[in-house]
Amino acid sequence: MKADLLTELKAQMPRFSKGQKKIAAYLIEHFDKAAYLTAAKLGKSADVSESTVVRFASEIGFDGYPQLQQALRDVSRNMLTAVQRMEVASSNIDADDVLHKVLHSDIEKIRKTLEEIDKQTFDKAVDAITDARQIYVIGIGSAAALANFLTFYLNHIFDNVKILGSTSASDVFENIVSIDENDVLVALSFPRYSTRTLKAMHYANEKKAKVIAITDSTMSPLSEFADHLLVARSDMASFVDSLVAPLSLINALIVSIGLRRKDEVSNKLQKLEQFWQEYKVYDDSTDR
């Protein structure tokens, strides 16, 4: 099944059986609700059996219904407006169980990320960052928090890190105009994907720079421009993006890079500690 799931369902509609057409029609019309239905509930909503739903998932190229459900969630997250996200969450999260539901969901995202991450790709991303002449980092919208976190700690290791401004498109391209094959761009984006981030990745590709993408799925549009694709599961908790797993992956990147540059990091941290103490950057008092 192609990345554009709904378009593909529409294209394949003529060849589907009667039952399959019912499922496809329901998915196209109610993809936001279907993404959170069990196979049994989807079958009931589409007026077919649960087994027909399970077979349909395999028929259109998925390993099973859970994979189809995840694809629907990916579609849903990228197409829904903030208001629609709020409405979907309201129908799926009990107001009295928000704390348990959200934290349990975040734990599950980290678990799945750990199961699915490609260690070889992770190591190559570490190599690319460590060996780069210049490191550029871009993250727009909610991904800006992740980009800032990554940049903050990379600046404790390297002297060649630049975060790309998110105020305007011109700021981004003015800052990467000189990027080339000796440099690396780390791009972070999650549904709804940033067009500015994608354009920056495309430009970096053209200039033959290494491009590392940190995103939520192999079907993410960032995958088209990535030399190294790091997938960290995310989801929407109401109108809020859940980015716990991506942040955990970024932590692993920073620690791995730091271990590669252990001596340089120790020397730099010693200098920073002297600076922090001299200028009283942090409150080190013990009286509370």
Side-chain angles (χ1 to χ4, degrees), residues 77 99 102-132 134-164 166 183-191 193-194 197 200-201 210-218 220 222-223 226-237 240-273 276 281-282:
R77 290 171 57 219
L99 180 63
V102 172
L103 267 63
H104 181 77
S105 176
D106 283 341
I107 292 169
E108 184 66 11
K109 295 296 177 295
I110 292 177
R111 185 188 66 78
K112 288 184 177 178
T113 297
L114 182 59
E115 287 179 354
E116 297 168 359
I117 194 74
D118 186 284
K119 179 63 165 54
Q120 187 175 14
T121 301
F122 177 87
D123 289 340
K124 287 180 179 179
V126 171
D127 290 339
I129 294 171
T130 304
D131 297 338
Q134 182 71 44
I135 302 165
Y136 297 92
V137 181
I138 184 170
I140 308 296
S142 61
L146 298 176
N148 281 307
F149 183 88
L150 175 60
T151 302
F152 177 81
Y153 282 103
L154 287 181
N155 275 320
H156 284 43
I157 305 172
F158 305 104
D159 297 318
N160 58 343
V161 185
K162 181 180 290 187
I163 190 165
L164 302 181
S166 60
D183 305 325
V184 65
L185 172 67
V186 183
L188 306 97
S189 192
F190 300 84
Y193 304 105
S194 163
T197 299
M201 295 175 72
K210 293 280 194 312
V211 178
I212 299 168
I214 300 177
T215 189
D216 65 309
S217 168
T218 56
S220 164
L222 276 70
S223 64
D227 296 296
H228 309 299
L229 181 67
L230 298 177
V231 174
R233 290 296 192 96
S234 68
D235 207 341
M236 61 180 188
V240 181
D241 291 321
S242 174
L243 299 176
V244 172
L247 181 58
S248 188
L249 174 60
I250 289 168
N251 280 340
L253 268 178
I254 295 166
V255 171
S256 186
I257 293 166
L259 290 174
R260 297 272 187 97
R261 294 291 188 92
K262 185 177 179 180
D263 292 339
E264 295 97 316
V265 173
S266 295
N267 290 334
K268 191 164 185 177
L269 288 177
Q270 286 178 359
K271 293 177 182 178
L272 284 171
E273 282 293 346
W276 292 334
V281 173
Y282 297 112

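All values derive from a computational prediction rather than experimental measurement. The figures that follow rest on heavy atoms only: side chains count, while hydrogens, waters and symmetry mates do not.
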For [Y], does its backbone N or O pair with a side-chain atom of [X] as donor and acceptor, under 3.5 Å?
| X | Y | answer |
| --- | --- | --- |
| Thr151 | Ala147 | yes |
| Thr113 | Arg233 | yes |
| Thr121 | His228 | no |
| Ser266 | Lys262 | yes |
| Asp183 | Tyr136 | no |
| Ser234 | Leu243 | no |

Nearest 0.5 angstrom please: [X] [atom1] to [Y] [atom2], how far?
| X | Y | atom1 | atom2 | answer |
| --- | --- | --- | --- | --- |
| Leu164 | Leu185 | CG | CG | 6.5 Å |
| Leu150 | Ile250 | CG | CD1 | 5.5 Å |
| Met201 | Asp227 | CE | CG | 8.5 Å |
| Phe190 | Ile214 | CZ | CD1 | 7.0 Å |
| Ile138 | Ser189 | CD1 | OG | 9.0 Å |
| Leu222 | Ile212 | CG | CD1 | 12.5 Å |

Tell me if the NE2 atom of His104 is crowded by more than 12 foreign heavy atoms within 6.0 Å. no
More than 12 heavy atoms of other groups within 6.0 Å of Gln120 CD: no
May I ask you to test the [X]-[Y] pair for a side-chain heavy-atom distance under 4.5 Å?
| X | Y | answer |
| --- | --- | --- |
| Ile257 | Tyr153 | no |
| Leu253 | Val186 | no |
| Val137 | Leu188 | yes |
| Asp216 | Pro191 | yes |

Would you call Glu108 and Arg111 a salt bridge, taking side-chain N to carboxylate O under 4.0 Å as the test? yes
Got a salt bridge between Asp159 and Lys268, using NZ or NE/NH1/NH2 to carboxylate O under 4.0 Å?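 Answer for the salt bridge query: yes.
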With Val265 via side chain to side chain contact (heavy atoms under 4.5 Å, CB included) - residues at least two apart: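 In terms of side chain to side chain contact (heavy atoms under 4.5 Å, CB included), with neighbours along the sequence ignored, Val265 is linked to Ile157, Arg261, Leu269.
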Side chain to side chain contact (heavy atoms under 4.5 Å, CB included), that's the test. Do Phe149 and Ile254 meet it? Break it down for me. CA-CA 10 Å; Phe149 183 88; Ile254 295 166; 3.9 Å; yes
Just say parallel, tilted or perpendicular for the rings of Trp276 and Tyr282, cut-offs at 30° and 60°. perpendicular
How close do [X] and [Y] get, counting heavy atoms only, and between which atoms?
| X | Y | value |
| --- | --- | --- |
| Val126 | Thr130 | O-OG1, 2.7 Å |
| Tyr193 | Ser220 | CE2-OG, 3.4 Å |
| Pro246 | Leu146 | CB-CD1, 3.9 Å |

Consider side-chain contact (heavy atoms from CB on, under 4.5 Å). Of Asp127, Val255, Asp131, which one does Arg260 pass it with?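 Only one of Asp127, Val255, Asp131 forms a side-chain contact (heavy atoms from CB on, under 4.5 Å) with Arg260, namely Asp127.
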Would Ile129 and Phe158 count as a side chain to side chain contact (heavy atoms under 4.5 Å, CB included) here? Give the steps. CA-CA 10 Å; Ile129 294 171; Phe158 305 104; 4.1 Å; yes
